[in-house]
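What follows is a single structure, written as structure tokens, with notes after it.
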Amino acid sequence: MQERYEPRSIEDEAQSFWESQRSFRVTEDRAKAKFYCLSMFPYPSGKLHMGHVRNYTIGDVLTRHYRMRGMNVLQPMGWDAFGLPAENAAMANKVPPARWTRDNIAYMKKQLKSLGFAIDWERELATCDSSYYKWNQWLFTRLFKKGLAYKKTGVVNWDPVDQTVLANEQVIDGRGWRTGAPVEKREIPMYFFRITKYAEELLGALDGLDGWPEQVKLMQKNWIGKSEGVRIGFPYELNGEQKNLWVFTTRADTLMGVTFMAVAAEHPIAQYAAGKNRKIRAFVEECRKGTVVEAELAQIEKKGEPTGLYVKHPVSGEQIPVWVGNYVLMGYGEGAVMGVPAHDERDFSFALKYGLPIPQVIQVGDGKFDDRKWYAWYDEKGAGQCVNSGKYDGLGFQQAVDAIAADLKAKNLGEKQVQWRLRDWGISRQRYWGCPIPIVHCPSCGDVPVPDDQLPVVLPEDLVPDGTGNPLAKLPAFYETRCPSCGKPAKRETDTMDTFVDSSWYFARYACPDQPGAMVDERARYWMAVDQYIGGIEHAILHLLYSRFFMRAMRDEGLLDVAEPFTNLLTQGMVLAESYYTDANGRREWVNPADVALTRDAKGKILVAKTKSGMEVVYDGIGTMSKSRNNGVDPQKLIEQYGADTARFFIIFASPPTSTLEWSDEGVEGSYRFLKRLWNYGFTFSKNTSGSKASAKDVRREIHAVLKQANYDLGKHQFNTVASAAMKMLNALEKLPGAENETAKEGLSILLRLLSPITPHVCHALWRELGFGGDVMTAPWPEPDPAALEQDEIDYVVQVNGKTRGNVKVAKSADQKTAETMAAEAVKKYIDGKAIRKTIIVPGRLINIVV
RNA sequence: GCCGGAAUGGCGGAAUUGGUAGACGCAGCGGACUCAAAAUCCGCCGCCGUUAAAAGCGUGUGGGUUCGAGUCCCACUUCCGGCACCA
């Protein structure tokens with residue numbers, strides 16, 4: 001061991017030690033409490049980015065902390081290895097996605113190891129291995145047989161030039177990313193998982209997820225979107241046939257204010273009208289060309305076209321015109337809505353635009369309608385009562401809904417209904433680099449699931465996609481097969497599964513990745529559920545919801561007992577960095593923040609930013625690290641320059657785990673300085689005679705007080721203040737007079753244990769060097785000594801009328817009266833000549849005198 | 001557009017969950033050491049004001065509740081995440 005802090009050798013040594021001891025290997029030890037700590041597995045995109053480092057550092061802090069608390073902690077790692085980027089890279093480099101992916105995995109694994117994470121690598125898995133995706137296929141066939149997986153048509157983006165389906169990401173301003181051709185919508189057959197069957201359970205179980213952030217539960221609740229309303233039929237006659245146009249509404253109380261109906265372009269009425277009239281046909285065509293992305297759909301200008309058809313109001317019998325509206329979604333509800341302009345903002349602007357009547361049917365208080373404002377009352381369910389509504393006048397929201405639903409039911413024109421926003425999960429992808437869907441299309445037997453003994457359907461790994469459709473569909477050796485049922489020639493499905501399928505159950509497979517005969521085995525019953533899951537907030541809805549669905553599907557197959565995969569959830573914030581560009585003749589060149597030099601004024605405010613060659617650069621704010629803005633920081637360089645401990649410390653220290661983290665090279669320097677200082681103190685404290693500003697008793701009290709707070713913060717997962725606590729401890733220790741070896745040793749042993757989950761290497765080395773016995777990673781977690789925290793005097797803040805005016809030290813034994821008198825004395829000049837109305841005492845903290 | 005968040009010194013952030021706003025760190029300023037620089041160490045550091053103090057102001061904006069509000073309530077502004085084929 002050298003006296004200088006040299007992270008390279010310290011970290012190499014610690015990592016080899018853990019490796020040789022197999023320190024992080026765990027088994028199903030029933031003598032200890034199990035703790036399954038999991039970070040979201042990475043997509044092997046090439047190299048680690050800071051978001052990964054942050055995610056896995058947070059997971060590692062938790063893992064090491066719980067290990068020291070004596071738990072049996074599993075922290076595995078694997079690869080979300082199928083997906084679009086591998087195909088893009090394949091096209092660019094003419095290398096098969098499999099090779100690109102596996103090379104990336106090898107490199108990123110090395111990077112992860114160099115960060116010193118307490119991972120049980122013996123459980124590593126990759127979703128592109130057939131030993132893994134075989135079980136995607138196996139479960140798919142079970143669900144298919146139960147009707148939980150089924151086929152129907154779905155809408156996709158179609159590039160007419162490349163003759164290929166595009167992901168939403170590959171559509172830029174309505175055009176194909178490679179061809180620039182306007183993208184069309186196309187309906188194709190796809191397989192779906194019937195997640196809606198579990199909608200009620202997925203919603204209800206959210207209440208029991210006490211370890212999840214409220215915001216995530218709320219987002220899931222809104223996404224599932226249970227709404228109670230009334231399904232209403234508007235009768236009409238078409239070609240002599242009596243029909244009903246059905247709509248769903250949560251505001252049946254506004255039924256008497258309906259002045260138009262709007263149907264989706266794909267609705268049968270729109271289709272019929274389009275067949276009769278060229279103008280309508282053109283409009284329907286225009287709607288069908290539009291986007292499939294809901295965010296864009298919600299922002300397009302609301303347009304409509306009258307169909308010339310009318311339906312009858314189910315209560316009044318009035319004729320109501322039917323319009324085609326570009327904002328009505330075929331996939332939600334009935335594909336038709338009733339228009340109540342006076343009480344719905346969207347209907348209101350639609351009616352204004354097309355000159356439709358806007359009759360008021362709800363009165364709120366004694367408020368008057370105003371041209372601009374009346375529609376704003378739409379969301380005030382229950383705030384008003386019906387007016388201009390015939391027999392329903394005077395009824396409140398619920399009474400009106402009940403009465404109207406009853407009347408409609410009597411006429412067979414409606415009933416109360418529950419509607420869900422959640423849609424079934426379409427899993428078919430017309431892509432090569434994914435898990436093949438195990439279906440054989442037989443001319444006589446139809447869609448036949450591949451039998452167990454023919455699984456897995458192996459994905460050929462040597463293909464290179466070219467951007468014109470799925471290469472599997474052009475490979476007879478893959479798709480030509482025989483029907484498993486009748487033996488006649490048949491065609492294998494060439495679509496692959498959505499990669500969300502792969503990531504919906506990988507956490508269960510970590511329990512038994514070597515199991516060849518089953519999706520999961522008994523070991524999964526031991527380890528599941530995941531006790532702590534950590535990942536980006538961007539996964540708050542889809543990934544987490546799909547995983548919750550999968551656990552229920554697996555439970556219903558008898559594979560597992562748990563329904564909720566993740567008991568506790570920590571959603572980590574993103575890693576951001578500043579970005580700068582030079583602007584030469586209107587051309588932006590992005591400059592990496594590391595190459596920007598700043599000039600500051602006397603107070604540290606930034607005056608000018610220039611490149612090292614002297615060109616002035618423009619500051620473009622703070623944002624996610626990205627290639628396009630050239631503001632990425634490479635973790636590899638960071639580790640090489642400062643070591644893994646500095647990288648880990650800075651990431652933990654700079655921001656609480658759930659907030660965004662702003663990168664700062666100076667902050668990294670500061671973290672490095674702290675570790676150096678710690679190292680030096682560890683080597684020299686016994687010789688140190690300079691620090692003599694505090695008594696051993698005060699230092700000891702401070703160490704234990706800081707430890708108490710740090711343990712509290714750990715419980716909240718607020719790790720940045722735990723890092724601060726370590727710094728405070730070192731600051732306190734450095735004030736200790738040289739002779740106080742016992743206090744110094746105790747303080748250091750607390751500091752090293754507290755810090756070891758964050759910077760395990762340096763703590764490992766110092767712990768051994770100082771001879772504390774054993775290894776810091778297996779040492780017991782430190783707890784504060786109550787005796788050290790004892791104080792004889794209490795420091796009270798004294799306020800007058802809520803404003804802080806002074807302090808007073810009161811003996812612990814003093815009674816309230818004494819404390820009040822002393823407080824009044826301390827702020828005499830502020831209360832002189834005024835009558836004291838009352839005095840508020842917060843025990844041990846504050847005295848407020850009201851005058 | 002809809003759903004969910006966030007906003008505190010020059011900067012990242014802290015505040016025992018309604019009780020001293022700015023812990024800890026960065027940047028900056030002053031000093032020690034050095035021929036010098038780096039490294040290290042010591043001190044100062046919200047704004048305004050002052051010789052120094054006092055007083056005053058201060059947690060995105062505007063209102064409210066309270067003895068007391070960064071924290072609770074109402075209305076807004078800006079930024080960020082998601083919106084079902086990026087992962």
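Values in this document were obtained by computation on a predicted structure and should not be read as measured data. Residue numbers begin at 1 in each chain, while the letters A, B, ... track the order of the sequences. Side-chain atoms are counted along with the backbone in the values below, which use heavy atoms only and exclude waters and symmetry mates.
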Residue mapping more 5' on RNA chain B - nearest nucleotide basis, A:N222 or A:Y546: A:N222
Determine the Euclidean distance between corresponding C1' atoms of B:rU16 and B:rG70; express it in Å to zero decimal places. 15 Å
With the side chain of A:H539 defined as its heavy atoms from C-beta on, choose the nearest nucleotide among B:rA87, B:rA84, B:rC24. B:rA87
Using the P atom in both, what is the distance from B:rG25 to B:rC44, to the nearest Å? 13 Å
Among B:rC24, B:rA55, B:rG13, which nucleotide has an atom closest to any side-chain atom of A:K728? B:rC24
For A:E214, answer base if it contacts any base atom (sugar-phosphate contacts may also be present), sugar-phosphate if it contacts only those atoms, and nothing otherwise; contact means non-hydrogen atoms under 4.0 Å. nothing
Indicate, with a heavy-atom threshold strictly under 4.0 Å, whether A:M574 touches base, sugar-phosphate, or nothing. sugar-phosphate
Any donor-acceptor N/O pair under 3.5 Å between B:rU20 base and A:R845 side chain: no
Mind calculating the distance between CE (A:M219) and P (B:rC3) to the nearest angstrom? 13 Å
Mind checking what makes side-chain hydrogen bond (donor to acceptor under 3.5 Å, both in side chains) contact with A:R677, not counting sequence neighbours? A:N731, A:E734
Does the B:rG1 base have a donor-acceptor partner in the side chain of A:E294 within less than 3.5 Å? no
Would you please test A:R423 and A:E294 for salt bridge (charged side-chain N to carboxylate O under 4.0 Å, His left out) and show each step? CA-CA 13 Å; A:R423 309 199 292 259; A:E294 190 171 321; 3.8 Å; yes
Can you confirm whether the side chains of A:D159 and A:W177 place a donor and an acceptor under 3.5 Å from each other? no
Check every atom of B:rC86, B:rA84, B:rG13 against the side chain of A:T660 and return the nucleotide holding the closest atom. B:rG13
Using the P atom in both, what is the distance from B:rA69 to B:rG18, to the nearest Å? 14 Å
For A:I840, answer base if it contacts any base atom (sugar-phosphate contacts may also be present), sugar-phosphate if it contacts only those atoms, and nothing otherwise; contact means non-hydrogen atoms under 4.0 Å. base
Short side-chain N/O contact to B:rA14 OP1/OP2 from A:N720, under 4.0 Å: yes
May I ask you to verify if any side-chain N or O of A:R423 is less than 4.0 angstrom from the OP1 or OP2 atom of B:rA84? no
A:R837 (side chain) and B:rC67 (base): donor-acceptor pair under 3.5 Å: no
Reckon A:R4 touches a base, only the sugar-phosphate, or nothing at all at heavy-atom distances under 4.0 Å? nothing
Please report the distance separating the C1' of B:rC29 from the corresponding atom of B:rA21, rounded so that it comes out in whole Å. 24 Å
From the candidates B:rG1, B:rG25, B:rC57, the one with an atom nearest any side-chain atom of A:K803 is B:rC57
Measure from the side-chain heavy atoms of A:L84 and tell me the nearest of B:rA55, B:rA23, B:rA87. B:rA87
Can you tell me whether the side chain of A:E666 and the base of B:rC11 have a donor-acceptor pair closer than 3.5 Å? no
Sticking with atom P, work out how far B:rA75 lies from B:rG22, rounded to a whole angstrom. 32 Å
Minimum side-chain heavy-atom gap A:P42-A:M77 below 4.5 Å: yes
Does the side chain of A:D495 pick up a donor-acceptor pair with the side chain of A:N470 at under 3.5 Å? no
For the side chain of A:V797, counting heavy atoms from C-beta on, which of B:rC80, B:rA27, B:rU20 is nearest? B:rU20
Can A:R4 be said to sit on top of A:W679's aromatic six-ring, NZ or CZ under 6.0 Å from centre and within 45° of the ring axis? no
Please work out whether the ring planes of A:Y672 and A:Y5 are parallel, tilted or perpendicular, with thresholds of 30° and 60°. tilted
Per nearest nucleotide of RNA chain B, the residue lying toward the 5' end, A:L166 or A:M727, is A:M727
Euclidean distance for P, B:rC79 against B:rC86 (whole angstrom): 25 Å
What's the gap between B:rG46 and B:rA23 when it is taken at their P atoms, as a whole Å value? 8 Å
Any N/O donor-acceptor pair, A:Q215 side-chain to B:rG4 base, under 3.5 Å: no
What's the closest nucleotide to the side chain of A:D80 if the choices are B:rA87, B:rC26, B:rG12? B:rA87
When you check the phosphate oxygens OP1 and OP2 of B:rG25, does a side-chain N or O of A:N731 lie under 4.0 Å from one of them? yes
